[in-house]
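Along the sequence shown, residues carry numbers from 1.
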Amino acid sequence: MASSLLRRAAAGRGRCPSPAEALRRLVSSEAAPEQALPRPLPEMPPFDHRPSPYAGMGGAEILEKRKKFLGPSLFYYYQKPLNMVEGKMQYLYDEQGKRYLDCFGGIVTVSCGHCHPDIVKAVQEQTKLLQHTTTIYLHHAIVEFAEALASKMPGNLKVVYFVNSGTEANELAMLMARLYSGNLGMIALRNGYHGGSAGTIGLTGLQTWKYPIPQGEIHHVMNPDPYRGAFGSDAAAYAREVEEHINFGSSGRVGGFIAETFQGVGGTIELAPGYLKSVYDTVRKAGGVCIADEVQSGFGRTGSNYWGFQTQDVIPDIVTMAKGIGNGLPLGAVVTTPEIASVMAQKIQFNTFGGNPVCSAGGLAVLKVLDKEKRQAHCADVGAHLVERLKSLQQKHEIIGDVRGRGLMLGVELVTDRTEKTPAKAETAVLFEKLKDLGVLVGKGGLHGNVFRIKPPMCFSKDDADFLVDAMDYAMSGF
């Protein structure tokens with residue numbers, strides 16, 4: 001099995017090294033000669049872009065200054081973190097000019113592509129005219145963007161609130177749900193992630209992201225995970241558990257329910273089919289509001305639909321979004337019905353930077369690019385090709401326990417034992433480094449960090465997909 005690679009790394013050295021030492025050897029030139037692969041390295045697709053020479057601060061100096069001046073909670077990828085200095089569409093360049101295939105899109109944020117010319121132009125033109133005023137004055141950019149965004153929503157989801165991040169969006173959505181319902185209790189899923197503020201930490205269902213502070217009337221129900229969940233893909237069983245939780249763990253009345261349709265940080269878990277339809281009905285009967293967190297799965301990324309919740313055939317009462325909405329701009333939004341929005345008029349609800357002219361112009365440009373370039377259909381086409389190749393790779397390499405997701409919202413879970421589904425945490429760390437060395441950048445997720453998150457810019461091509469899988473195959477051949 002995959003863990004045997006760690007044992008082989010220690011063989012012949014006269015002692016048993018620590019796991020950390022074994023990992024260092026695996027990703028260094030110290031690896032045993034028999035691990036060398038005779039076949040040539042996979043080749044990255046050609047790309048017509050030459051990065052500008054970089055004369056700025058080097059990575060080592062940046063890292064030292066980060067440690068000195070930035071918060072200690074910040075983390076970075078790779079044993080030697082990369083200093084990225086330029087990006088173009090689906091590629092990134094480090095300080096040496098080396099090109100990398102970006103399969104994570106700035107944590108599912110770069111939707112149209114790094115430095116997409118249409119978005120850069122829109123931001124530059126607005127910046128030259130007016131950078132900021134707030135909503136105490138009128139400006140065309142915010143209403144044009146709001147109208148365009150509302151046109152993408154089903155049902156009566158027509159009122160837009162602009163914020164700066166997914167965390168802010170989920171905070172506002174929770175406030176709306178509690179005010180509208182008159183109830184405090186919120187229901188969220190285990191393994192879900194909804195932000196890092198005091199309120200959204202409560203909604204989050206992963207201990208790695210939670211500080212020991214009061215959660216504030218928030219209840220976590222079983223995760224309808226088809227791969228690891230107690231009931232497999234049985235949506236009805238998970239939905240009954242929510243109903244029982246309301247009956248036995250609350251007054252019978254709740255403020256709301258929030259869920260990602262595709263859990264991002266949790267490891268790209270697509271909820272069991274039909275789950276949201278049943279749960280939304282139960283929650284509404286208990287007086288609650290249904291919130292869809294589309295921070296990662298929105299804007300056509302799943303290919304089959306523009307919004308993740310549409311894969312479950314539901315219409316939420318509130319939808320939150322961020323990340324891909326701005327292609328890298330600090331932008332988020334909450335969209336709801338006029339009826340729910342009316343509760344916010346009880347007091348002053350204001351966001352200084354929400355609806356900023358520059359961010360609004362950029363956000364509108366994102367929507368136009370996604371339509372013009374038919375990115376939803378593109379995600380469906382490329383994603384189907386990539387899933388097929390990944391599933392073929394799964395047949396070849398025992399370490400791949402599960403391939404899941406749709407479109408360009410995919411996860412590959414690595415295990416040391418397919419029957420027990422034992423997380424291959426150490427092995428994932430080794431492969432993560434190997435892929436980076438091959439020029440491939442993926443994300444990591446799941447409670448144990450054993451899921452490769454593949455969520456690239458939506459301009460990602462089939463040639464890119466083939467290179468990614470070839471690189472994974474090459475890296476896994478020593479396992």
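In terms of modelled atom types and a separation under 3.5 Å, the side chain of Q346 and the main chain of L179 share no donor-acceptor contact.
The only member of V387, T302, V451, V442 that meets side chain to side chain contact (heavy atoms under 4.5 Å, CB included) when paired with L410 is V387. With D102 as reference, H114 is the one residue of K88, H114, Q90 to meet the side-chain hydrogen bond (donor to acceptor under 3.5 Å, both in side chains) rule.
Residue pairs meeting the side-chain hydrogen bond (donor to acceptor under 3.5 Å, both in side chains) criterion with at least one partner in residues 183-207, sequence neighbours excluded, are E171-S197, N191-Q263, H194-D293, S197-T200. Screening residues 42-57 for side-chain hydrogen bond (donor to acceptor under 3.5 Å, both in side chains) gives H49-E86 as the qualifying pairs, with residues at least two apart or on separate chains. Among residue pairs with one or both ends in residues 138-151, those qualifying as side-chain hydrogen bond (donor to acceptor under 3.5 Å, both in side chains) are H140-E144; sequence neighbours excluded. Counting only residues at least two apart or on different chains, the salt bridge (Lys or Arg N to Asp or Glu O under 4.0 Å) pairs with a member in residues 265-282 are E270-R406, K277-D313, D281-K285.
The shortest side-chain heavy-atom distance between L149 and F162 falls under the 4.5 Å cut-off. At least one side-chain heavy atom of F145 sits under 4.5 Å from a side-chain heavy atom of L367. Taking 4.5 Å as the limit, some side-chain heavy atom of F452 sits within range of a side-chain heavy atom of L414. Side-chain contact check for Y180 versus D317: every heavy-atom pair is 4.5 Å or farther apart. For the pair V120/H116, no side-chain contact is recorded, criterion being any heavy-atom separation below 4.5 Å from C-beta on. Residues H385 and D466 meet the side-chain proximity criterion, which asks for heavy atoms closer than 4.5 Å. By the 4.5 Å heavy-atom criterion applied to side chains, L82 and L441 are counted as neighbours. V295 is not listed as a side-chain neighbour of E260, based on a closest heavy-atom distance of 4.5 Å or more.
Atoms CG and CG, on L468 and L438 in that order, are 10.5 Å from each other to the nearest 0.5 Å. Here the straight-line distance linking atom CE of M57 with atom CD of E95 works out to 11.0 Å at 0.5 Å rounding. Distance CZ/R301 to CD/Q376: 12.5 Å, rounded to 0.5 Å. Taking OG1 of T261 as the start and CD of E294 as the end, the distance is 5.0 Å to the nearest 0.5 Å.
By the 30° and 60° cut-offs, the orientation of the rings of W307 relative to F309 is parallel. Between Y275 and Y238, the ring-plane angle classifies as perpendicular under the 30° and 60° cut-offs.
Between H132 and F353, the gap from one ring centroid to the other is short of 6.0 Å.
Between E433 and K436, at least one side-chain N (NZ, or NE/NH1/NH2) sits under 4.0 Å from a carboxylate O, which counts as a salt bridge. Of the charged side-chain nitrogens involved, at least one lies within less than 4.0 Å of a carboxylate oxygen, so that E413 and R228 count as a salt-bridged pair.
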| task | Give the intermediate values and the outcome of salt bridge (charged side-chain N to carboxylate O under 4.0 Å, His left out) for residues K152 and D371. | result | CA-CA 11 Å; K152 299 293 186 182; D371 285 347; 2.7 Å; yes

| said: Evaluate R453 against V265 for side chain to side chain contact (heavy atoms under 4.5 Å, CB included), listing each step before the verdict. | reply: CA-CA 9 Å; R453 297 170 65 191; V265 172; 4.2 Å; yes

| task | Check the pair Q312 / Y280 against side chain to side chain contact (heavy atoms under 4.5 Å, CB included), numbers first and verdict last. | result | CA-CA 11 Å; Q312 295 260 334; Y280 276 19; over 6 Å; no

| task | Report the C-alpha separation of I454 and L408 in whole Å, then their side-chain angles, then the decisive distance to 0.1 Å, and conclude whether the side chain to side chain contact (heavy atoms under 4.5 Å, CB included) test is met. | result | CA-CA 7 Å; I454 301 171; L408 292 180; over 6 Å; no

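For E168, there are no salt bridge (charged side-chain N to carboxylate O under 4.0 Å, His left out) partners at least two apart in sequence or on another chain. For Y91, the ring-ring contact (aromatic ring centres under 6.0 Å, His included) test picks out F47, with sequence neighbours left out.
Under the 3.5 Å distance criterion, with hydrogens and angles disregarded, a donor-acceptor pair is assigned to the side chains of T320 and N170.
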